[in-house]
Amino acid sequence: MSKKKLGIHTICTHVGEIKDEQFKGAISPMYLSTSYEFDNVDVKRYPRYFNTPNQEYLSKKIAALEHAEAAMIFGSGMAAISHMFLAFLQKGDHIVVQNTLYGGTSNFIREEFHKYGIEYTFTDGYAVSDFEAAIQSNTKVIHIETPSNPLLTITDIKAVADLTRSKGIISTIDNTFASPVNQNPLDFGIDVVMHSATKYLGGHSDILAGAVASTQEHMDRIWNVSKNLGGSLSDMTVWMLERSMKTLALRVNAQTKNAKKLARFLDKHEDIATVYYPGLKSHPQYQLAKTQMHDFGAMLSFELVEGIDAIAFQKQLHLIKSSMSLAGVESTMLLPAETSHALLTQEQRDAVGISNQLIRFSVGIENFKDLKNDIKQAIAKTKIASFA
């Protein structure tokens, strides 16, 4: 049966599993060998070549989920995105980058690209006109992130893909916040999609990994760079990631359902100044999000009203963990200014609207009422302490 005809739960469960031909086990065997026979074999396997059995088959699952011809897995999300950039950029080239995106990506570009002689421009905004205005004669790549980290801005995927195609430019996207469950950018014409697989693909806060998916031609180009840089993933972690992804759609759907309810609750709360969530009708790109997302995702951000300290609030939470990273089955909150975007200067954060009061909320699978009550009690206790 064609993979495109399979439902997403079936893809998560079955595509990319390795059949245990010897003992007929129900799950994929784990191949930990770093050394494989080279003579009279179809594939010369080596972990740094991203083609051990577990690496190869997990990549098939990721490709199927993103409607891609091929995929690769990496040691982290930053390994994935850096290998991707370096595959399509060389000395003298220029990249246009969305201004609202993960701080680690911004820092990598600002800290490393000059060493390679690669030029870059961060857009003024995230409308397609902002990307077009930043294009130069030597532009080779346009990179977007939607929904963005941490402000949940929405970029028009098809409009950017159409623009890049008309100019002969490669388009790349960070699809981590949406996950393949809620968004498939390749269907809108984007060339290359990447994920921090540490997040939703792993989903249990115990795996560090990255993924890239595209056409076979583009993936061959990425592989040619990646085999030299060596950012591959251990097969133990690969096996754990494949196991975790069997429940990907179940987890993300449950988290998204909770996030929609919590966004509406926070939006009506008198002590919440602003809520950033594309599923709210008040979100400026709500209609656009509806056209390109299957659902609105499980990430949101919000700001407390003046006088309620964001750090003090998080210390009063009982269920929701004050923790770095995101997308685990447990709900977490953090301050981007102190974590994900701490590598940016205060001026850089101010320029893209990341205040010191901004809280990023990764919604888990707990019961909605329990999460709501945890937030309510934390706000109440923080207010008492603030005005005591």
Side-chain angles (χ1 to χ4, degrees), residues 1-38 41-77 79-80 175-176 179-181 184 193-214 216 219 222-223 226-227 230-254 327-329 365:
M1 184 181 292
S2 169
K3 292 174 187 175
K4 289 186 177 180
K5 294 181 181 178
L6 296 176
I8 190 166
H9 293 287
T10 306
I11 292 173
C12 288
T13 306
H14 291 293
V15 173
E17 61 182 355
I18 303 173
K19 289 186 179 180
D20 182 356
E21 300 289 0
Q22 184 174 5
F23 298 109
K24 311 301 180 184
I27 63 171
S28 298
M30 188 192 308
Y31 294 90
L32 294 176
S33 179
T34 59
S35 181
Y36 290 85
E37 188 173 348
F38 70 89
V41 294
D42 293 330
V43 179
K44 290 181 172 63
R45 299 186 186 277
Y46 188 60
R48 186 168 54 81
Y49 292 165
F50 299 83
N51 64 358
T52 62
N54 293 102
Q55 290 173 325
E56 177 186 340
Y57 279 76
L58 175 56
S59 294
K60 295 178 188 294
K61 188 189 295 288
I62 293 168
L65 286 167
E66 280 293 12
H67 308 163
E69 291 179 359
M72 288 174 60
I73 49 172
F74 296 85
S76 67
N175 199 34
T176 299
S179 90
V181 177
N184 298 113
V193 58
M194 66 77 55
H195 290 270
S196 171
T198 308
K199 313 306 189 297
Y200 288 108
L201 301 189
H204 294 81
S205 304
D206 58 4
I207 290 170
L208 184 69
V212 178
S214 187
Q216 187 64 60
M219 294 311 304
I222 294 170
W223 179 81
S226 300
K227 72 179 190 296
S232 59
L233 195 60
S234 77
D235 284 296
M236 178 70 178
T237 307
V238 172
W239 184 89
M240 291 177 64
L241 182 55
E242 196 268 334
R243 177 207 58 185
S244 295
M245 288 181 65
K246 289 179 183 289
T247 60
L248 171 65
L250 287 170
R251 290 185 280 105
V252 172
N253 287 336
V329 292
I365 63 171

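A quick note: this is a predicted structure, and the numbers were derived from the prediction, not measured. We use all heavy atoms of the structure for the numbers below, so side chains are in, but hydrogens, waters and symmetry mates are not.
Proximity of M245 to L241: side-chain heavy atoms (C-beta onward) are separated by under 4.5 Å at one or more points. A heavy-atom distance below 4.5 Å is not found between the side chains of H14 and L6. Within the 4.5 Å cutoff, the side chain of S28 has no heavy atoms near those of the Y57 side chain. Within the 4.5 Å cutoff, the side chain of I27 has no heavy atoms near those of the E17 side chain. In this structure, the side chains of L65 and C12 come closer than 4.5 Å at one or more pairs of heavy atoms. Between I222 and F50 the shortest side-chain heavy-atom distance does not fall below 4.5 Å.
Between atom NE2 of residue H67 and atom CD1 of residue I11 there is a gap of 6.0 Å, rounded to the nearest 0.5 Å. Interatomic distance, OG1 of T34 versus CG of L32, reported as 9.5 Å (0.5 Å rounding). From M72, atom CE reaches atom OG of S214 across 12.0 Å, with rounding to the nearest 0.5 Å. Residue R243 holds its CZ atom at 7.0 Å from NE2 of H204, rounded to the nearest 0.5 Å.
Residues V15 and K60 approach most closely at CG1-O, 3.8 Å, considering heavy atoms. K44 approaches N51 most closely through the heavy-atom pair O-ND2, 2.9 Å. Residue L248 comes nearest to P180 through the heavy atom pair CD2-CD, 4.4 Å, listed as atom of the first residue, atom of the second, then distance. A pairwise comparison of heavy atoms in P29 and W239 identifies O-CD1, 3.9 Å as the closest pair. Among all heavy-atom pairs drawn from Y49 and W223, the shortest one is O-NE1, 2.8 Å. Annotation for L201 and H195: closest pair CD1-CB, 4.2 Å, computed over non-hydrogen atoms.
Side-chain atoms of T247 do not come within 3.5 Å of backbone N or O of L250 as any donor-acceptor pair. Under the 3.5 Å distance criterion, the side-chain polar atoms of S196 are left unmatched by any main-chain donor or acceptor of T176. With hydrogens and angles ignored, the 3.5 Å screen pairs a side-chain donor or acceptor of E69 with a backbone N or O of Q216. R251 places a side-chain N or O within 3.5 Å of a backbone atom of S244 that can act as its donor or acceptor partner. Not a single donor-acceptor pair under 3.5 Å links the side chain of R48 to the backbone N or O of S232. The backbone N or O of A26 sits nowhere less than 3.5 Å from a side-chain atom of D20 that would complete a donor-acceptor pair. In this structure, the side chain of Q55 engages the main chain of P47 through a donor-acceptor pair within 3.5 Å.
The 12-atom threshold is not exceeded at OH of Y46, counting heavy atoms of other residues, nucleotides or ligands nearer than 6.0 Å.
For the side chain to side chain contact (heavy atoms under 4.5 Å, CB included) criterion with T237, the lone passing option out of D206, I207, N54 is I207. Each of I62, V212, N175 was evaluated against V193; a single residue qualifies, N175, per the side chain to side chain contact (heavy atoms under 4.5 Å, CB included) test.
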